[in-house]
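Notes to accompany the following structure.
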Amino acid sequence: MAPKDTSDSGTPNSAEPHSKSGSATSSGDTNKSDKVHIVIVGCGPAGLLLAFYLLERGAGRFQVSIFESREDLRVTAKRERNARRYSLVLAYRGKKVLARIPGLLDAIREISIPSDELYLHVGKYVGARAFKLAGVPPGVENADDMIGLNVDRADLCAAMLSYLMERHGDSGLLSVHFFKKCTAFLTSIDFQKREALFEDVKVNIEAQGNEVNVIPGQDTCQATTGAPLQRVPYDLVVGADGVNSAVRHSFTLLPRGFDCSVTDQFSRAYILHVRRPPEISPSGFNLVPKIPDAQSFRCLFYPSGQKAESINLALIWPVNDPPVEFLAMKDPAEMTSWLRQRLPFLDLQESAAQDILAQRVAQLRMVKCEPYHHSEGGAVLIGDAAHATPPAIGQGCNSSLVDAAVLARLLLGESVGEDDRLETKGMKDGLGLLGKRDRLKSVNQKSGLGLLGKLAVGEDHRLESENKKDGLKVHGEAVGGDDRLEAASAKASDAAPGGRTEILERLPRALARYSALQVPEGHALVDCSDAEGPLDARVGFWHALRRFVTGALWRLFPWLVSPPIMFMAGFGANFSDVRRIHAGQIEKILASNERVKAQWREAQAKKVLAGGV
C-alpha cells in the first residue's frame, strides 16, 4: 500500500527527553524567518559534525533538524554488541576536523583506544610473530597526530550526539528525530518546493505487529502500511544517509546533470566480535591476506571496545572464488573446528560459529557520483551517500568528517582551498618526514608529495597551481584548478557571514565549490580503496609483497620512499595526491579487478544459458 501523502508538518517523533541529553524540542521543524533551515538526513558522525560546525560557528543563524531512520544511538551504544556492530579508526584527517569543536575530540578519546600498528600474518608468522609493517616512523614531528583512535561506531555517534545536545539542546536551534526515514516512495525530496518527505518507521513496524528493535547495520526499512508522510520545508537538505541514500536517489531522478554509479565491491564477508587473545596487540590492525587451506578466504581483525577486550573479525572472500566447503557448513562444532585449524592464534569458540550461522552475508558496495550538489533544489551529499568505499584503507568515516567540515565552512562564508580542507597547514613537510634542506629542494614538485626516488613537498607548496588545467564541470559551471584555489583574501561578498538573505544568495556558489573540492577526493578515495583489494590471487600476492617491502623501506628511508597507499592516506595526504602518486599500481589492480568481474559474469551467463529455461 502506498504511503499517504499529506501536507502535515506537525512535530515528528523525537527521542525520549531526559535532561539535556534528550532530543531538542520541535522548534527545528518550522523555519523561523531569520534562520537558515538545514535538514540533515542521517545521524551518523558526518551529519553530527556538520550540525556542530553550524551551531558552534553560525552565531545563531542556522536552524538544524536531524532525521534518523534508526533508533537513538545513545540507546544502541548501551546494548550488547552484535555481529553487525563495528569499530572504525579516526585517523589524522578525521581527528583534525573533530578537534575544531572545543572538547569534542577529548570526549571521543575517552571512549577510544590508540591504533598505530599494522601486522601482516603470513604462513607460520602469525599471532605474536606476525610481521609488523608500520607504526609512526621514529623522529617524525607531530607523531601524536598520526596515531589513530579506534572507536566503536555506535559509541562514537552516542558520544557526539550527547555532547551536541549538552551544548545546543536548549538553544532552540536544534531538533533530532529518530525512526524517521526519508521515504523512497517516488522521490524523497521535492526540489521545487524544497521539502523533504519522511515516514515513521516505528509506526510502520508496529502496524505489522512487530516489535521495534533496530539492529545497527541492518536495514530498518519496512513495507509502508499507510502511515502519512510528513513534509519538512528546508533551505538546504544534506544527504548524510549512507550508501543507500534516499537523498541521492532523488538526485538520480533529475532530468540532467547528475552521474552516479553504484557497483558491487565483489567481496562478501562475515563480521564477528570475539575475545582478544593476550598475544594480539591491543593497538594493531591485522591482515591475514590468505587463510591457509581455505581457497581465497582472507580476514582482517582489529581491537574493539574501550579496553580492547575484544576484536572485530571480518572473514572475507571474493564472489568469483568463494570458500565452498566453509559456506556449506551448518554445524557450529564443525565450523568451529575448521576455523580453529586455520586460525589457531585467535582461539575461536563455538559461539563465533553460531554468530556466523545466524547472520546474513555482508555485501559491500561502492558509490561514485558527481556533482555532489543540486543548486536549484538546495541539496547536497556528504560521506557514504556521495562516495561509499570499501574499508580497505580505513578512510571512509574520516573522509565523511572532512566533507562535513568543508561544507560547513563554505556555508559559513569561509574560503576553502585544496590544501585547507583540514583548516590547518597540517603536518610539516607534507608527511612530517623531511628536513628543511630537503623540503626546499622540492618546492616546484607538482605532486605535493613524494614519489619513489623523489622528495616530499609540504602543504605550503601544494598550491603551486597556476598552470592547472584540470577543471571540473559542476552543473554546467566550469570550475578550474585556479578557481578552486582562491586566496584567503577573497572578496567580502564571498566570505562575509551575513544574515539569512546573504547566506541564501551565496548558497549556489558554496555548493558548487564544495563539489569542485570534494568530487575529485571522493573518486580518488574509492579508487585507492578498491585497489587495496585485488580480486586476482596472483595480483593480490604481489600487491601484498610490494606493500610489505615498501612499508619496510619507508620506515628505514622515509626521506626517499613514499609510504604505501594505506599509510599515505592515513597520514593526511589528499586522496587525489595518493591516487596520482600510486597511479601505475592502482590502474593495474583496477584493470585486473574489472577483468575478473567480466570473466566471472561471462561464466555465470554461460551456466544459465546451458541450463535452459
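Not measured: the values here are computed from a predicted model.
A salt bridge links Asp155 and Arg85; the closest N-O separation between the charged side-chain nitrogens and carboxylate oxygens is under 4.0 Å. Under the 4.0 Å criterion applied to side-chain N and carboxylate O atoms, Glu71 and Arg79 are assigned as salt-bridge partners. Remark: Glu199 does not engage Lys180 in a salt bridge, criterion side-chain N to carboxylate O under 4.0 Å. Look at Arg57 and Glu414 and you find a salt bridge, because one of the NZ, NE, NH1 or NH2 atoms lies within 4.0 Å of a carboxylate O, short of that distance. Ion pairing between a basic and an acidic side chain is recognised when a charged N comes within 4.0 Å of a carboxylate O; Asp235 and Lys35 show no such pairing. Under the 4.0 Å criterion applied to side-chain N and carboxylate O atoms, Asp34 and Arg500 are not assigned as salt-bridge partners.
The two residues Ser375 and Arg194 come nearest to each other via the heavy atoms O-NH2, 3.2 Å. Contact record, Val243 with Ala388: CG2-CB, 3.7 Å, taken as the closest heavy-atom pair. For the pair Leu364 and Pro391, the tightest heavy-atom approach, listed with the atom from each and the gap, is CD1-CD, 3.7 Å. Smallest separation of non-hydrogen atoms from Ala154 and Ala77: O-CB, 3.9 Å. Residues Ile111 and Ala159 come closest through the heavy atom pair CD1-CB, 3.6 Å. Considering every non-hydrogen atom in both Pro45 and Arg153, the closest pair reads CD-NH2, 3.6 Å.
Residues Val176 and Leu161 form a side-chain contact, since some pair of their non-hydrogen atoms from C-beta on lies under 4.5 Å apart. Looking only at side-chain heavy atoms (C-beta outward), Phe67 and Val232 come within less than 4.5 Å of each other. Between Leu411 and Tyr514 there is no side-chain heavy-atom pair separated by less than 4.5 Å. Within the 4.5 Å cutoff, no side-chain heavy atoms of Tyr163 are placed close to those of Met160. Put simply, the side chain of Leu48 reaches to within 4.5 Å of the side chain of Cys43, judged on heavy atoms. With a 4.5 Å cut-off on side-chain heavy atoms, Val367 and Val526 do not count as touching. The shortest distance between side-chain heavy atoms of Pro102 and Glu56 falls below 4.5 Å.
Note that the CZ atom of Arg409 and the OG atom of Ser415 stand 8.5 Å from one another [nearest 0.5 Å]. Considering NE2 of His523 and SG of Cys528, their distance stands at 13.0 Å, rounded to 0.5 Å. One finds the CG atom of Leu164 at 12.0 Å from the SG atom of Cys157 (value rounded to the nearest 0.5 Å). Distance check: Phe62 CZ to Leu54 CG gives 5.5 Å after rounding to the nearest 0.5 Å. Taken to the nearest 0.5 Å, the CD atom of Glu376 stands 10.0 Å off from the CG atom of Leu511. Here the straight-line distance linking atom CE of Met366 with atom OG of Ser529 works out to 9.5 Å at 0.5 Å rounding.
Listed for the Arg61 side chain is a donor-acceptor partner under 3.5 Å among the backbone atoms of Gly58. Under the 3.5 Å distance criterion, the side-chain polar atoms of Asn150 are left unmatched by any main-chain donor or acceptor of Pro114. Checking side-chain atoms of Glu370 against main-chain N and O of Val519 turns up no donor-acceptor pair under 3.5 Å. When atom types are taken as modelled, the side chain of Asn312 and the backbone of Tyr302 share no donor-acceptor pair closer than 3.5 angstrom. Side chain of Ser112 to main chain of Arg109: a donor-acceptor pair is present (N/O by atom type, distance under 3.5 Å, no hydrogens or angles). Here the side chain of Ser250 pairs a donor or acceptor atom with the backbone of Ile189 at under 3.5 angstrom. Judged purely by atom type and a 3.5 angstrom limit, Asn398 uses its side chain to pair as donor or acceptor with the backbone of Ala91.
Cation-pi check for Arg248 over Tyr372 is not met; the charged atom does not lie both under 6.0 angstrom from the ring centroid and within 45 degrees of its normal.
Between Phe191 and His374, the ring planes are perpendicular. Angles over 60° get that label, and only those under 30° would be called parallel.
For Phe251 and Phe258, the ring centers sit closer than 6.0 Å to each other. Remark: aromatic rings of His37 and Tyr234 are distant, center separation not under 6.0 Å.
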side-chain contact (heavy atoms from CB on, under 4.5 Å) evaluation trace for Val97 with Tyr53: CA-CA 10 Å; Val97 294; Tyr53 268 75; 3.9 Å; yes

Between Glu521 and His387, is the side-chain hydrogen bond (donor to acceptor under 3.5 Å, both in side chains) condition met? List the steps. CA-CA 9 Å; Glu521 288 293 284; His387 46 72; over 6 Å; no

Show the numbers, then the answer: is there a side-chain contact (heavy atoms from CB on, under 4.5 Å) between Val64 and Val39? CA-CA 6 Å; Val64 177; Val39 170; over 6 Å; no

Are Leu407 and Val238 close enough, and set up right, to give a side-chain contact (heavy atoms from CB on, under 4.5 Å), and what steps lead you there? CA-CA 10 Å; Leu407 176 61; Val238 181; 4.3 Å; yes

Dump the intermediate steps for side-chain contact (heavy atoms from CB on, under 4.5 Å) on Ile40 and Ser65, then the final yes or no. CA-CA 6 Å; Ile40 301 174; Ser65 300; over 6 Å; no

When you look at Tyr92 and Phe571, which way does the ring-ring contact (aromatic ring centres under 6.0 Å, His included) test go after all the steps? CA-CA 6 Å; Tyr92 176 82; Phe571 291 161; 8.4 Å; no

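Just one of Met568, Gln518, Gln395 meets the side chain to side chain contact (heavy atoms under 4.5 Å, CB included) condition when paired with Phe575; it is Gln395. The only option from Leu381, Asp384, Val41, Ile382 that meets the side chain to side chain contact (heavy atoms under 4.5 Å, CB included) definition with Ser245 turns out to be Leu381.
Checked by atom type, the side-chain pair Arg579/Asn574 shows no donor-acceptor distance below 3.5 Å.
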